[in-house]
Amino acid sequence: MRPVSAVLSPLQRRLRWARVLLRPAAGEQTLPLAEVPESVAIIMDGNGRWARERRLPIGAGHRAGAETLKKIVRYASDRKVGYLTVYSFSTENWSRPEAEVIGLMDMFVELIDGELDELHAEKVRMRFIGRRDQLSHELQRQIARSEQLTAGNDGMRFVVAMNYGGRNEIVDAARRFVAECGPDAGEDEFGRLMYDPELRDPELVIRTSGEHRLSNFLLWQSAYSELYFSERLWPQFTTDDFEEALRSYAGRERRFGGR
Ligand code: IPE
Ligand code: IPE
Ligand code: MG
């Protein structure tokens, strides 16, 4: 097959180059703020494969993933995302090797400790969803500290799903629904019994690493979310990839069952 350039006229070739040269810088390709979704959720997947591909220990993959998270949180806050929810540990992840789980829990404590002051300075409001009573006392202490310190902030709400399971959340809500709500209560009342009642349903759910499933994440809240799957492993996911996901969302037609 002949190369593309060989079948283009000189004028077409010049136009092609003009397009390349005039392509706006990355910053100019960002979506107008009005089109940025209010609530974005991310299933941060692929740390293990990233480490395996490099013959590194699994913990190195999780630490590389933590570096990505730091960048994406700041970027989302700069882009005026109202709510960013990230899946950091599922109720099913306890079934992993003990050394990996212990390493992850230690890393979460370190991460909160190391990032909290800066997030607070950026007016981020932190919340954790999931069954926290099964976490170590140290981690519970850091979680409580971060929620208390940032409670009055008016910036992005940063929600971390930690020991979180969507089915657990629905079962916990169902127990309270039966105990606290009357016979006329419906979806709105039930939704207010989720772990973070103020969390807006995500308009966009991103999953990295090429896996196409929810893995028990935000089952109630994602009923009408737009799903975006990236082939990138989480440690490789960049702010440009995030922007690309926002652009994909902005180009979708949401119908909610209507015409
Ligand atoms: C996601 O990366 C992080 C957690 C689940 C804690 P994985 O560790 O699941 O990465 P893969 O799927 O094995 O590549
Ligand atoms: C989902 O990823 C959980 C988190 C990203 C924290 P998993 O890697 O645990 O999901 P599966 O096992 O591939 O479904
Ligand atoms: Mg995984």
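Residues: numbered from 1 along the sequence shown. From a predicted model like this one, the values you see are computed outputs, not experimental measurements. Ligands are counted one by one from 1 in listed order, and the atoms in each one are counted from 1 as well.
Within a 4.0 Å radius of atom 8 (O) of ligand 2, the protein has at least one heavy atom.
The protein heavy-atom contact nearest to atom 3 (C) of ligand 1 is Asn47 ND2, 3.6 Å. Residue, atom and distance of the protein heavy atom nearest to atom 6 (C) of ligand 2 are Tyr87 O, 3.4 Å. If you check which protein heavy atom lies closest to atom 14 (O) of ligand 2, you get Ser215 OG, 2.6 Å. For atom 2 (O) of ligand 2, the nearest non-hydrogen atom of the protein is Arg207 NH2, 3.6 Å.
Taking every heavy atom of Ser88 and a limit of under 4.0 angstrom, the matching atoms of ligand 1 come to 6 (C). Listed by number with element, the atoms of ligand 1 under 4.0 Å from a non-hydrogen atom of Arg49 are 11 (P), 12 (O), 14 (O). Residue-ligand proximity, Phe89 to ligand 2, at heavy-atom distances under 4.0 Å covers atoms 6 (C).
Under 4.0 Å from ligand 2, not a single heavy atom of Ala161 appears. The proximity of Ile58 to ligand 1, defined as any non-hydrogen pair under 4.0 Å, does not occur for either the backbone or the side chain.
Looking at Arg213 next to ligand 2, an N or O pair under 3.5 Å apart turns up. In terms of polar-atom proximity, defined here as any N/O pair under 3.5 Å, Asp45 does make such a contact with ligand 2.
Here the shortest heavy-atom distance to atom 13 (O) of ligand 1, taken over Ala66, Gly46, Gly48, belongs to Gly48. Which of Met44, Glu53, Arg96 comes nearest to atom 5 (C) of ligand 1 through a heavy atom is settled by distance: it is Arg96.
Annotation: Glu187, atom CD; neighbour count of heavy atoms from other residues, nucleotides and ligands within 6.0 Å does not exceed 12. The local environment of CD in Glu180 is crowded, with over 12 non-hydrogen atoms from other residues, nucleotides or ligands closer than 6.0 Å. Within 6.0 Å of CZ on Arg254 lie more than 12 heavy atoms contributed by other residues, nucleotides or ligands. Residue Arg167 places its CZ atom among 12 or fewer non-hydrogen atoms of other residues, nucleotides or ligands, all under 6.0 Å distant.
Residue contact check for ligand 1: Ala51 places no non-hydrogen atom closer than 4.0 Å to it.
Here Asp45 reaches the Mg ion (ligand 3): one of its N/O/S atoms is less than 2.8 Å from the metal.
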### Task
Given side chain to side chain contact (heavy atoms under 4.5 Å, CB included), test Ser222 with Leu214 step by step and report yes or no.
CA-CA 9 Å; Ser222 65; Leu214 288 174; 3.9 Å; yes
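The closest side-chain donor-acceptor pair between Tyr75 and Glu243 falls under 3.5 angstrom.
A side-chain donor-acceptor contact under 3.5 Å links Asn93 to the backbone of Ser90.
The aromatic rings of Tyr87 and Phe217 sit parallel to each other, their planes meeting at less than 30°, with 60° as the upper class boundary. Ring geometry, Phe229 versus His212: the interplanar angle falls under 30°, so the pair is classed parallel (tilted spans 30 to 60°).
The shortest non-hydrogen separation linking Ala76 to Phe242 is CB-CZ, 4.1 Å.
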